[in-house]
Amino acid sequence: MRRKRSLKKPIVLHGRQLRIVKSFNLALEGIKGIVVEETKKTIVLKREDGRITRVPKLGSLFELSYDSKRYLIEGGLLLGRVERRIKRA
């Protein structure tokens with residue numbers, strides 16, 4: 001039986017810099033930007049050129065830079081509403 005992995009600490013992504021490392025949609029790989037919105041199943045990034053990109057959480061691997069460290073986060077762990085994810089952790 002597989003154990004479901006979870007985040008060790010609650011993560012609020014709004015306003016943070018993210019980069020898409022892997023995605024089912026190959027056109028999204030390598031895109032980076034600031035998180036401007038997060039829904040149950042997607043993350044919306046504002047890219048450096050000003051364009052807005054909506055990325056599905058499921059099937060994506062994100063890189064978060066925080067406190068001069070880099071973290072890889074599976075999008076599946078971010079599924080659900082932000083408020084509930086913070087309460088769960």
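Here, residue 1 is the first one in the sequence, and each next residue gets the next number.
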Test of understanding: with side chain to side chain donor-acceptor pair (under 3.5 Å), list the residues that count as partners of T39, not counting sequence neighbours.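 Counting only residues at least two positions away or on another chain, T39 forms a side chain to side chain donor-acceptor pair (under 3.5 Å) with T42.
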
Holding to side chain to side chain donor-acceptor pair (under 3.5 Å), I want the full list of residues that pass it with R16, two or more places apart in sequence or in another chain.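 None.
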
Who are the side-chain contact (heavy atoms from CB on, under 4.5 Å) partners of D49, not counting sequence neighbours?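 Residues passing side-chain contact (heavy atoms from CB on, under 4.5 Å) with D49: R47, R51.
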
Applying side chain to side chain donor-acceptor pair (under 3.5 Å) as the test, list every pair that has at least one member in residues 18-29; sequence neighbours left out.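 Matches after skipping sequence neighbours: R19-E63.
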
Looking at side-chain heavy atoms only, is the closest gap between K32 and I20 below 4.5 Å?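 No, side chains not in contact.
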
Hydrophobic side-chain clustering at under 4.5 Å (ILVMFWY, transitive links): who's grouped with V36? Put none if nobody.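 Taking Ile, Leu, Val, Met, Phe, Trp and Tyr as members, V36 shares its hydrophobic cluster with V44, I52.
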
Hydrophobic cluster (4.5 angstrom, side-chain heavy atoms) - remaining members for L72: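 When side chains under 4.5 Å apart are linked, the cluster holding L72 also contains V21, L61.
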
Gap between atom [atom2] of [Y] and atom [atom1] of [X] - 0.5 Å precision:
{"X": "L13", "Y": "F62", "atom1": "CG", "atom2": "CZ", "value": "8.5 Å"}
{"X": "I43", "Y": "T53", "atom1": "CD1", "atom2": "OG1", "value": "12.0 Å"}
{"X": "K41", "Y": "R54", "atom1": "NZ", "atom2": "CZ", "value": "12.5 Å"}

Should I34 and L18 be regarded as members of a common hydrophobic cluster, given that ILVMFWY residues are connected when their side-chain heavy atoms come within less than 4.5 Å of each other, either directly or indirectly?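 Not linked; separate clusters.
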
Closest heavy-atom contact between P56 and L28?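 Scanning both residues, the minimum pair turns out to be CD-CD1, 4.0 Å.
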
Shortest non-hydrogen contact between V55 and S60, atoms and distance: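 Answer, listing the atom of V55 first, then S60: CG1-OG, 3.8 Å.
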
Test K57 against E38 for salt bridge (charged side-chain N to carboxylate O under 4.0 Å, His left out), laying out the working first. CA-CA 10 Å; K57 292 178 181 178; E38 185 178 356; 2.9 Å; yes

